[in-house]
Chemist: 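After the structure tokens below, expect a handful of questions from me.
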Amino acid sequence: MRIVTWNVNSIRKREEIVRDWLRDHAPDVLLLQETKVTDDKFPGASFEEIGYRLAIHGQPGLNGVAILSRHELTDIRTGLDGEEGDEQARYIEATIAGMRVASVYVPNGTSVGSDKFDYKMRFFARLQRRIRALLEAGETFVIGGDYNVAPDSIDVYDPRACAGEICFHDDERRAFRSMLWNGVYDAFRSVHATRRQFSWWDMRGGSWERDEGMRIDHLLLSPEALDRLEGSDADPSTRAGKGVSDHIPVWCDIGEPQRPRW
DNA sequence: ATGGTGGGTCACCCA
């Protein structure tokens with residue numbers, strides 16, 4: 001089962017690109033972030049026509065997450081607990097082929113020390129609580145998305161230039177590691193221990209041309225999903241050219257269970 | 001240190 005995560009930076013702008021990519025690669029599941037559209041205006045038919053079912057959670061103009069799946073989607077759940085009145089559409093989760101699969105769009109945080117940065121840090125704590133609940137429930141799960149944090153020095157173009165900056169600040173990296181210490185695993189890094197592979201390059205300042213990117217899109221796996229992990233990679237070809245997202249798709253392949261659970 | 005481009009919606013916010 002191939003599960004892909006892709007921040008598309010507006011699904012309406014990227015509808016053709018995403019549909020063509022899905023036709024070429026035919027993954028089982030695509031987790032979308034920054035769809036930037038309300039549910040009634042999501043271009044769902046375009047993906048249903050090529051064999052995908054949808055679970056969508058959007059809002060006007062900002063954020064927005066979705067799950068596209070070739071298999072049945074059940075028990076769809078949206079949002080994270082822990083913040084009264086939070087209207088931001090950043091989390092959706094569903095059961096697909098016996099696994100819980102989620103798409104998450106962690107807040108960018110804008111700048112270290114801002115109100116939005118505080119919200120980002122609270123969001124990490126809320127996400128961690130969800131991870132703990134899934135682990136305690138014994139679920140096999142994959143949470144893919146734009147985490148807006150590069151975990152390690154190898155994951156940024158210049159660790160000195162990025163030190164203390166948004167998406168590489170120690171507080172964010174600690175929050176990411178804190179999730180891992182509960183017993184979830186970064187799929188790409190589990191497969192490629194030392195490979196430098198960015199998933200995002202800023203639209204501004206010719207970052208793509210200079211290869212000044214970061215690896216901020218991740219798939220976090222439960223232990224059972226890690227046992228079944230058969231591969232993980234990304235597709236930088238989608239970043240070339242005009243009219244593309246600033247993020248590229250990142251995926252993992254989860255094999256069939258090899259034996260009954262203990 | 002700033003600003004660069006490209007989304008959103010409709011004078012700016014967000015990345």
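Quick note on labels: first sequence line is chain A, next is B, and so on, each numbered from 1. Keep in mind that this is a model prediction, so the values were computed, not measured.
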Chemist: Distance check needed: B/dG6 C1' versus A/Leu62 CG, whole Å only.
Modeler: 14 Å
Chemist: Using the side-chain heavy atoms of A/Met203, tell me which of these nucleotides is nearest: B/dA15, B/dT5, B/dG7.
Modeler: B/dT5
Chemist: Hey, which sits more toward the 5' end of DNA chain B by its nearest nucleotide, A/Arg14 or A/Asn63?
Modeler: A/Arg14
Chemist: Just to be sure I understand the rule, does A/Thr110 reach a base, reach only the sugar-phosphate, or reach nothing, if contact means heavy atoms closer than 4.0 Å?
Modeler: sugar-phosphate
Chemist: Would you mind telling me which of B/dC14, B/dG8, B/dA15 lies closest to the side-chain atoms of A/Arg90?
Modeler: B/dA15
Chemist: Expressed as a whole number of Å, how far does the C1' atom of B/dG4 sit from that of B/dA15?
Modeler: 13 Å
Chemist: Going by side chain to side chain contact (heavy atoms under 4.5 Å, CB included), name the residues that satisfy it together with A/Val18, two or more places apart in sequence or in a different chain.
Modeler: A/Trp6, A/Val8, A/Ile11, A/Arg14, A/Leu22, A/Leu30, A/Phe47
Chemist: Grab the CD1-C1' distance between A/Ile11 and B/dG6 for me, whole Å please.
Modeler: 16 Å
Chemist: Without decimals, in angstroms, what is the distance between A/Glu212 CD and B/dG4 P?
Modeler: 16 Å
Chemist: Take the protein atom CZ of A/Phe42 and the nucleotide atom C1' of B/dG8, then report the distance between them rounded to whole Å.
Modeler: 16 Å
Chemist: If I pick the P atom on B/dG6 and the same atom on B/dA11, what distance separates them, to the nearest angstrom?
Modeler: 23 Å
Chemist: Quick check on B/dG7: is either OP1 or OP2 less than 4.0 Å from any side-chain nitrogen or oxygen of A/Arg12?
Modeler: no
Chemist: From CD1 of A/Ile166 over to P of B/dC14, roughly how many Å is that when rounded to an integer?
Modeler: 13 Å
Chemist: Atom CG of residue position A/Asp158 - does it have more than 12 heavy atoms of other residues, nucleotides or ligands inside 6.0 Å?
Modeler: yes
Chemist: Nearest whole Å is fine: how far is B/dG3 P from A/Arg210 CZ?
Modeler: 16 Å
Chemist: Please determine if a side-chain N or O atom of A/Lys13 lies less than 4.0 Å away from the OP1 or OP2 oxygen of B/dG6.
Modeler: no
Chemist: Are side-chain N/O atoms of A/Lys120 and A/Asn108 paired as donor and acceptor at under 3.5 Å?
Modeler: no
Chemist: For A/Trp200 and B/dT5, what is the distance between atoms CH2 and P respectively, to the nearest whole Å?
Modeler: 15 Å
Chemist: If you measure from the Lys or Arg side-chain nitrogens to the Asp or Glu carboxylate oxygens, is any gap between A/Asp186 and A/Arg215 under 4.0 Å?
Modeler: yes
Chemist: Looking only at atom P, what distance separates B/dG3 and B/dC13, rounded to whole Å?
Modeler: 16 Å
Chemist: If you count the non-hydrogen atoms of other residues, nucleotides and ligands that lie under 6.0 Å from CD in A/Glu209, is the total more than 12?
Modeler: yes
Chemist: On DNA chain B, nearest-nucleotide positions of A/Gly205 versus A/Asn7: which is more 5'?
Modeler: A/Gly205
Chemist: Looking at B/dT5, which nucleotide sits across from it as a Watson-Crick or G-U wobble partner, both distances under 3.5 angstrom, or is there none?
Modeler: B/dA15
Chemist: Can you tell me how far P in B/dT9 sits from the matching atom in B/dC14, rounded to whole Å?
Modeler: 14 Å
Chemist: Could you check how far CZ of A/Arg204 sits from P of B/dA15, rounded to whole Å?
Modeler: 10 Å
